[in-house]
Amino acid sequence: MALLAVLLSIAFLLPLSGCSSGVGAALRYDVSAVISSLDPQYATGKDAQLIIRQLFEGLFAPDGEKGAVPAAAESFAVSEDGLRWSFTLREDLLWSDGEAVRAADYAFALRRLFNSDYPSPFAADFICIQGARQVLEGQASPYTLGIAAPDERTLILTLEYAVQDLPQLLCLTAAMPCRQDFFEETRGRYGLQEDMLLYNGPFYLRYWEQQEYVQVRKNEHYHGAQQVNPARITFYMQPQADRFSRFWSGRTDAAMVCYDDWSRLRSGSYSAETFEDTVWVLLFNQGDSFFAQPLARHAFVEAIDRRAYASGLGNDRIDTTVFLPPTLLLGEKGYRQLAGFEGPGSDAGRAQKAFSELLAQSADIPQLTLLCADDTSCAMVAGVLQKNWRDILALTVSVQQMSEQTLFSRVESGEYQLAIVALQPDSFRPEGMLGIFSSASPRNLARYRSEEYDELLFRAARAQGEGARLRALQAAEQQLYEDAVLAPLYFQTHYYVSARGVSGIRFLPLAGQIDFRSALKS
């Protein structure tokens, strides 16, 4: 073990010494979360998804202009009613052990999402597949789903209702292939360590120290439309606060930074791609007895005065009353531009009235704590909200700051009352972010349950034509505001930068969608 540690140390020093350049170069990138699973059908979090995207190739790949472009799929055909999709795989697809990738591998992966005992966090995203609801409710086997692989290169999906942007849905990591024989050999350990995965993407997993780093290397069995340039990429697990200093000192080759950091980089002629890809919201835990009461949520939302914090936000943030960020698409148009930017406003009178009614119903007001990230803007906004509630509701709320990673873990586990959290879309589809709050979603951070909201999402999914789909999506978004599930606070722009001498990294403003294949390093 000591010898292995020395050899690894030498290997990781090579990129810093400049021994690699151009094609075959070694790249370095920081991720903030500890990666505990790389199972494409179950792993959540943008850092895990980022690494999964280097290891696997789906039928389609995300594209900033078109939403999705064919990847493992050579071609596809759609029936006139939009219910039957037939995909033909490329002939040159291989697993990292040299075996051919087959249509059955994509079929098995999609069936895995619908385990009735332990459904995937992404199962609700694919509820459009024929029979999915019955399988999730335990009324049918996953093998009754509208998923078929009649031959090695043909995958057929039959849907309950037409989904115009199904290719965008198939860009999710949950739709990456999984080979059944290998999966069964892992005996429940699939995706938990490097020898418990097979890969069909541009890289394979070489080293994985769960508290320190993940290193991927070029997969010689991969044959894609693009040449794979890097010989290896090392993903270091580092706190968010350290990312900029590591990039600035040359210890990483690309990074996502905030505006203040980007301002320092501009003087050095670094280039950047900018995306307004994050929305920060006030979220209520409806599993908490106090915030299970609609009057409590409404009082807190109505008391927010966005004008009191808008001017104090950083240059990369702008206050908002709407939830879905501008990066989302409806067809090839921006959803936000089509739907408008008008969301719930503030009204101190309504806030006081709601709170008075709440007090009349119950004299017990618990001690409340607002969780927030420890960055400057989020802490400032938390302080403003704290003052709003004190001035308007005569209520004292404590504020607890923590790292963004710890914050999300607390919220995800339900260990909170109310929190300011950052949400990012997994795809360009508005349904993806709205679907977080469906009753069937394991990612429902608010513990929100509403049959009416679920029906609105179902209506949006079945809508024919962009006009009908837009109206249904607007109705679902409006329902979140009317039920005071959350209060949108501000959008954040992120800056994705590459080091001098590094080119070809393709950034997209969605969770884990960074493409390193064409990267060059001089």
Do D151 and T154 have side-chain atoms, one donor and one acceptor, less than 3.5 Å apart?
yes
Taking 4.0 angstrom as the limit, do D483 and R449 come out as a salt bridge?
no
So, D63 and R506, do they make that salt bridge, N to O below 4.0 Å?
yes
So does [X] have more than 12 non-hydrogen atoms from other groups sitting under 6.0 Å from [atom1]?
X    : atom1 : result
R90  : CZ    : yes
Y118 : OH    : no
E184 : CD    : yes

Side chains of [X] and [Y], heavy atoms from C-beta outward: is any pair under 4.5 Å?
X    : Y    : answer
R429 : L329 : no
L313 : W280 : no
D105 : W95  : yes
F203 : Y222 : no
F323 : M433 : yes
F235 : Q54  : yes
I147 : Q130 : no
E412 : T44  : yes

Mutual orientation of the aromatic rings belonging to [X] and [Y] [parallel < 30°, tilted 30-60°, perpendicular > 60°]:
X    : Y    : result
Y496 : F507 : tilted
F516 : Y29  : perpendicular
F284 : F300 : perpendicular

Judged by atom type as modelled, is there a donor-acceptor pair below 3.5 Å linking the side chain of E194 to the main-chain atoms of Q215?
no
Please answer whether the main-chain N or O of G340 pairs with a side-chain N or O of R336 as donor and acceptor at a distance below 3.5 Å.
yes
Taking atom [atom1] of [X] and atom [atom2] of [Y], what is their separation to the nearest 0.5 Å?
X    : Y    : atom1 : atom2 : result
S450 : L480 : OG    : CG    : 9.0 Å
Q168 : E431 : CD    : CD    : 9.0 Å
L457 : S439 : CG    : OG    : 9.0 Å
Q134 : F114 : CD    : CZ    : 11.0 Å
R410 : L445 : CZ    : CG    : 14.0 Å

Looking only at non-hydrogen atoms, find the nearest pair between [X] and [Y] and report the distance.
X    : Y    : value
N219 : G201 : ND2-O, 3.0 Å
Q424 : K46  : OE1-CD, 3.3 Å
Y106 : P177 : CE2-CD, 3.5 Å
A472 : A460 : CB-CA, 3.3 Å
G82  : L159 : O-CD1, 3.9 Å

Are Y42 and F122 close enough, and set up right, to give a ring pair (Phe, Tyr, Trp, His ring centres under 6.0 Å), and what steps lead you there?
CA-CA 7 Å; Y42 282 83; F122 304 97; 8.4 Å; no
Residue set satisfying salt bridge (Lys or Arg N to Asp or Glu O under 4.0 Å) with R297, at least two apart, ordered chain then number -> none
Kindly say whether the aromatic ring centers of Y448 and F437 come within a distance under 6.0 Å.
no
Could you walk me through whether T278 and L423 pass the side chain to side chain contact (heavy atoms under 4.5 Å, CB included) check?
CA-CA 6 Å; T278 302; L423 298 176; over 6 Å; no
